[in-house]
Every structure is written in structure tokens, then in C-alpha cells.
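One-based numbering along the sequence shown. Everything quoted here is computed from the prediction, not taken from an experiment.
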Amino acid sequence: MLGIGLKIYGFGIYADNEKMKELIMQSKIGNKAPSKPTKEMYQMVIDSDFGMMVRLVIVFSGLSMSMVRKNFDEGLGPAIKKLTGAKNEELTKKIMGEASDDIKLTSGSVIEISRLLGYVLPTKVMGEIVSKVESELLCRAYIYMYLGEDPFDKEAKDKFGTSMLSMF
């Protein structure tokens, strides 16, 4: 994410490679490796129920929890609407809803949001769980923000896609 020309945070997307490989091989895509990642491949990952995590490392030390919450609310809202056709503000606010504004985010602070088996989405800020939501829609919308049609970072999505292709 860029804000006023400053890098706010860096992130990495991590997935359970064995489960992802199983998913790919069991699908019709598994028969033949495409030359480049397809929309269907990304959608399969978005819709699936295997372990993934997005790990954010804060770079800009002036970032507050309310700014992070607002960023996620602004990303999740459109993702939920894209997936369902309707807004769901109550669900949108659950991912960071319990994170206190008193949490100080300094350069190097880590936020981890995982998708666990059973469509559970826990959020950790500097190792402390600040929310844990069980929702298939929220899990799908969260991964959609990174791998969907209009991702936070197209280059990161492309690198994830290349990683998927290497499993063939």
C-alpha cells in the first residue's frame, strides 16, 4: 500500500503448499499446467478451505490501529460486495474490530491474519490474538483482496500465481 508516496507496510502471502497442490491436482486444472495463472486458479484458492496467512510488517512508524482498521474495512467492503452483490458492514468490521486503538504500531510491528481450516480467520497483532471470526464469506473476501480481480498489489498476486504454477 502506498500513502503520500510512503510505503506503509510490506506483506507476504503464505499457503499450505501440500493442500494447495492437492486442490489443484483434484481440479480440472490439474490435468495440464496452463502457461500463466488463470482466473479459475485464483478463484479456486479464494473459495477453498486450507491454511493461508497474510503477514504484514509495518514500515511506517506513524501508523495507528484505527488507520489499519480503516484500510481493511475499505478493502473488505468492496470484496464482500463483489462476492455477494451486497454490502455487509457488520462482517467487514469483525476482522480488526476488537483491536484496541491503544496498540502502538512501530516500524517492524507484525500483523498476521490467517485463514484456518473450517473458515476461521484469526488476527494477531504483535503475537496477540485481537479477533477470531468463523465465516466462510469473510475468509473468501479476505483472500479475494489479495488474489481477486482488483488486488491490493498486482505484483504480489502474480508472484503467488507463479508459485502455484510451479506445483505442476
Legend entry - Minimum heavy-atom distance between M145 and G75, given as atom pair plus value: SD-C, 3.3 Å
Legend entry - ring-ring contact (aromatic ring centres under 6.0 Å, His included) partners for F160, two or more places apart: none
Do any side-chain atoms of residues 12-24 form donor-acceptor pairs under 3.5 angstrom with protein atoms, and if so which ones, sequence neighbours left out?
| unit_1 | atom_1 | unit_2 | atom_2 | d |
| --- | --- | --- | --- | --- |
| D16 | OD1 | E18 | N | 3.2 |
| D16 | OD1 | K19 | N | 3.2 |

Inset, instruction - Considering non-hydrogen atoms only, spot the tightest contact between T84 and A86 and give its length. - result: OG1-O, 3.0 Å
Inset, instruction - With rounding to the nearest 0.5 Å, note down the distance linking CG in D102 to OG in S64. - result: 11.0 Å
Inset, instruction - Write down the atom of S109, the atom of K104, and the distance for their closest heavy-atom approach. - result: OG-O, 4.1 Å
Inset, instruction - Give a yes or no answer on whether the side chain of Y9 reaches the backbone of V68 with a donor-acceptor pair at less than 3.5 Å. - result: no
Inset, instruction - Could you walk me through whether L91 and L76 pass the side-chain contact (heavy atoms from CB on, under 4.5 Å) test, one step at a time? - result: CA-CA 9 Å; L91 189 59; L76 275 171; over 6 Å; no
Inset, instruction - Determine whether R115 and Y142 make a side-chain contact, defined as any pair of heavy atoms from C-beta on separated by less than 4.5 Å. - result: no
Inset, instruction - Treat each ILVMFWY residue as a node, draw an edge where side-chain heavy atoms are under 4.5 Å apart, and state whether F50 and I46 are in one component. - result: yes
Legend entry - Within-4.5 Å side-chain heavy-atom neighbours: C139 and M52: no
Inset, instruction - Determine, step by step, whether F11 and F152 satisfy the ring-ring contact (aromatic ring centres under 6.0 Å, His included) criterion, reporting the C-alpha distance in whole Å, the side-chain angles of both residues, the deciding distance to 0.1 Å, and the verdict. - result: CA-CA 10 Å; F11 69 91; F152 272 152; 7.4 Å; no
Inset, instruction - Drop me the distance from L121's CG to L138's CG, to the nearest 0.5 angstrom. - result: 5.0 Å
Inset, instruction - Not counting sequence neighbours, which residues clear salt bridge (Lys or Arg N to Asp or Glu O under 4.0 Å) with K39? List them please. - result: E149
Legend entry - Contact check, side chains of T123 and V133, non-hydrogen atoms, under 4.5 Å: no
Inset, instruction - State, with a plain yes or no, whether a side-chain heavy atom of K87 is found less than 4.5 Å away from one of I80. - result: no
Legend entry - Same apolar cluster: I129 and Y119, side chain cutoff 4.5 Å: no
Legend entry - D49 side chain vs G118 backbone, donor-acceptor pair below 3.5 Å: yes
Inset, instruction - First locate atom CD1 of I113, then atom NZ of K124, and finally report the distance between them rounded to the nearest 0.5 Å. - result: 12.5 Å
Legend entry - Hydrophobic cluster membership, F60 vs F72, 4.5 Å side-chain cutoff: yes
Legend entry - Linked, directly or transitively: M44 and L165 (ILVMFWY side chains, under 4.5 Å): yes
Inset, instruction - For residues A141 and A79, report the shortest heavy-atom separation together with the two atoms involved. - result: O-CB, 3.6 Å
Inset, instruction - Answer yes or no: are there more than 12 heavy-atom neighbours, outside D150 itself, under 6.0 Å from its atom CG? - result: no
Legend entry - Atom pair CD/NZ of E89 and K81 - distance to nearest 0.5 Å: 10.5 Å
Legend entry - Nearest atoms (heavy-atom pairs only) where G148 meets K157: O-NZ, 2.8 Å
Legend entry - Polar side-chain atom of S107 near backbone of V59 as donor-acceptor pair, under 3.5 Å: yes
Inset, instruction - Could you state whether L116 and V45 fall into the same hydrophobic cluster, counting links through intermediate Ile, Leu, Val, Met, Phe, Trp or Tyr residues with side-chain heavy atoms under 4.5 angstrom apart? - result: no
Legend entry - V130 and I111, any side-chain heavy atoms less than 4.5 Å apart: no
Legend entry - Minimum-distance pair of heavy atoms, taken over all atoms of Y42 and G161: OH-CA, 3.3 Å
Legend entry - Side-chain donor or acceptor of T162 paired with backbone N/O of D158 under 3.5 Å: yes
